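Structure first, then comments.
Everything numeric in this text was worked out from a predicted model, so none of it was measured. Chain identifiers are assigned alphabetically (A, B, ...) following the order of the sequence lines, protein sequences preceding nucleic acid strands; residue numbering begins at 1 within each chain.
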Amino acid sequence: MMSLWRAYRRECLLATGFLAISSLLFHIVAALTFSDWSLASSLDKACRWDCGWYAALATDGYHSEPNGHERGDAANWAFFPLFPLLGNLLSQTFGIPAKVALPLTSKLFLWLSILAFMIVARRWHGHQAVPLAGALMAFNPYVVYAHAGYSESMYFFLTALAFLALWSRRWLAVGLATALLSATRLVGLMMSLALLAAMLRDRILSRDRPAQATALLALALGPLGLAVFMAYLYWLSGDALAFMHIQIAWDRSMQFPFLVLISGLLDPGWGVYFAICALAGLVIAVWLFRKGHSEAALFLACTLLIPLATGIASMPRFLFWQFPFIFGMQELCLRYPTLKRVYLAAGSLGGMAMFYFWHAGHSFVT
Amino acid sequence: MTKLRIIAPLAAVAALTGFYAWLAYVALNPVVSEAYRAYFILKITPDWRPQRYTVPLDEGIDFTRPGYPDFVTRTEGLSEAGPTGRWTDAKYGRTPRIVYSRDFKGQVCLSLLVHPSPSQVGLPIDITFGDAKISFQAAPLCGWQHFSLNVTAPAHVLDIRIKQLTERPIWMPYSQYGGRQHLGLSHVIIKPGHCPQQP
């Protein structure tokens with residue numbers, strides 16, 4: 001532990017500084033919006049929309065049958081278990097309400113995400129790239145979710161861990177990280193595809209038997225988180241795919257993703273912005289592929305196309321919390337300093353605007 | 001040692017594969033109610049736990065009312081209830097269907113109050129109830145229509161087949177109703193016996 005601290009002391013301190021700045025801005029905007037400077041109240045009010053579902057889930061567990069929404073067809077089965085479990089753990093440990101514990105949990109994972117991304121930057125580009133990596137995370141235009149009790153920061157951290165392990169060819173660690181990812185969000189399972197792609201590129205099949213057996217186990221571990229959740233849902237409701245079927249309560253159904261994209265581009269409202277975000281993500285995926293980061297490209301493309309198949313509404317959230325997208329932006333910012341200045345300025349302003357819209361209750365931010 | 005480094009991971013893989021295979025089986029064979037299956041899995045009805053009301057069988061189904069009478073188990077391929085009734089809706093299935101909770105046999109009278117969309121006017125509407133079939137053309141302003149059917153085997157499912165000319169435009173996946181709704185149903189009555197003589 002001490003050796004880790006010695007190795008990454010600078011990153012830890014920087015991550016703490018970035019988290020402090022981002023949190024301070026978030027709570028100042030909350031205080032100005034509500035004219036209430038209490039931190040507890042600010043944390044409580046930050047927890048809305050999906051965080052409200054997570055809070056109920058952390059407190060009461062999964063519903064035994066659909067009962068929510070006006071039609072009575074909603075249940076919290078759409079929300080994956082790992083993040084609310086950790087929120088519940090924090091809530092129980094410190095005796096605080098889940099609505100406060102969840103934003104704190106997501107903040108903790110923001111710190112870990114910043115740290116992990118700095119370690120990635122140091123690995124690829126040396127010490128000089130570390131501050132930029134921290135800034136890209138802290139001034140992410142959609143950083144609001146890391147303060148509001150959403151699972152995005154935890155998902156980002158686990159993805160960063162998985163890629164760090166992947167680049168070090170630690171297959172079992174990738175498999176374990178993927179198992180945790182698949183218990184956090186459905187698209188986390190796509191890390192298994194990135195793992196398979198890396199193994200094929202590494203010609204794992206031509207290695208010795210123990211290496212092959214380990215690789216096979218790593219692949220088999222990936223879906224474990226999702227599988228345990230499905231088994232629980234089967235025990236609870238009789239439907240192992242209930243997390244998917246319940247999406248009907250949010251009027252989401254499977255469609256061809258590119259048609260959703262075209263429809264978004266033709267939309268006169270927010271749809272066009274959401275579609276442009278999805279397109280930007282796909283462009284970055286292609287660029288990553290061309291630069292030799294095929295696993296990151298594959299993961300990014302899959303994790304954008306899968307949610308795109310069910311609708312376009314939350315695309316910016318899905319995009320700006322994808323590790324390969326931020327990794328790609330970092331590569332571009334290092335290459336083009338002007339882009340770096342424009343992106344960070346726009347990201348900071350966008351992030352501040354999102355803080356305000358979040359507190360003011362504009363639902364398009366979800 | 002090398003053997004253990006092969007056998008231990010492979011044993012874990014075998015255990016995980018068994019678990020995933022069982023999960024795949026139960027995922028494909030959910031143990032759920034018929035209503036859950038229709039609404040959440042097959043997506044053939046917009047009604048989750050519809051309201052139930054009690055009326056005599058010969059008053060039939062009033063589709064302008066929310067919910068269903070208690071002699072109807074469920075419908076498929078029909079939209080939500082609106083002021084003019086329910087529409088056949090391809091989003092919920094290609095063959096609109098009304099499933100009754102009781103069987104009918106022998107002579108039955110089917111009475112319909114329907115209103116077609118402009119694209120359906122003049123096209124045939126085929127109705128099947130058990131082994132009895134009828135066909136008629138959709139007039140622009142349909143009034144009540146009565147059909148005497150002879151059902152030889154017990155039947156409880158009424159299928160309505162219409163010619164669906166238009167499809168939802170491929171570039172409009174969000175279009176709610178474009179080209180999807182064809183025939184409006186205001187009232188459907190099935191009751192035992194012959195239909196009353198028309199004046």
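The parts of B:Tyr39 that come within reach of chain A are both its backbone and its side chain, each placing non-hydrogen atoms under 4.5 angstrom from that chain. Interface remark: A:Ile246 contributes backbone and side-chain atoms alike to the contact with chain B (heavy atom separation under 4.5 Å). A:Leu233 does not touch chain B: none of its heavy atoms, backbone or side chain, sits under 4.5 Å away. Within the 4.5 angstrom heavy-atom criterion, no atom of A:Leu172 approaches chain B. Proximity to chain A (any heavy atom under 4.5 Å) is shown, for B:Phe40, by both the backbone and the side chain.
Contacts with chain B (heavy atom to heavy atom, under 4.5 Å) involve these residues of residues 209-217 of chain A, listed by number: A:Arg209, A:Pro210, A:Ala213, A:Thr214, A:Leu216, A:Leu217. Proximity to chain A at a heavy-atom threshold of 4.5 Å picks out B:Lys43, B:Trp48, B:Arg49 from residues 42-73 of chain B, in numerical order. Residues of residues 180-198 of chain A having a heavy atom under 4.5 Å from any heavy atom of chain B: none.
The choice from B:Leu4, B:Val13, B:Val32 that makes the most heavy-atom pairs within less than 4.5 Å of chain A is B:Val13. Comparing A:Ser253, A:Ala240, A:Ala242, A:Ala227 by how many heavy-atom pairs each has under 4.5 Å with chain B, the most go to A:Ala227. Highest contact tally toward chain B, considering only A:Asp73, A:Leu241, A:Asp208, A:Ile248, is held by A:Asp73 [criterion: heavy-atom pairs under 4.5 Å]. Contacts with chain B were tallied for A:Ala249, A:Ala231, A:Pro223; A:Pro223 has the most, counting heavy-atom pairs under 4.5 Å. Chain A forms more heavy-atom pairs under 4.5 Å with one residue of B:Ile41, B:Ile7, B:Thr17 than with any other, namely B:Ile41.
B:Tyr36 places no side-chain N or O within 3.5 Å of a backbone atom of A:Glu65 that could act as its donor or acceptor partner.
More than 12 heavy-atom neighbours from other residues, nucleotides or ligands sit within 6.0 angstrom of CZ on A:Arg252. A 6.0 Å sphere centred on CZ of A:Arg71 holds more than 12 heavy atoms belonging to other residues, nucleotides or ligands.
For residues 66-85 of chain A, the pairs satisfying ring-ring contact (aromatic ring centres under 6.0 Å, His included) are A:Trp53-A:His69, A:Trp53-A:Phe79, A:Tyr54-A:Phe79, A:Tyr54-A:Phe83, A:His69-A:Trp250, A:Phe80-A:Phe229, A:Phe80-A:Phe243, with sequence neighbours left out.
Residues B:Phe19 and A:Leu224 come closest through the heavy atom pair CE2-CD1, 4.1 Å.
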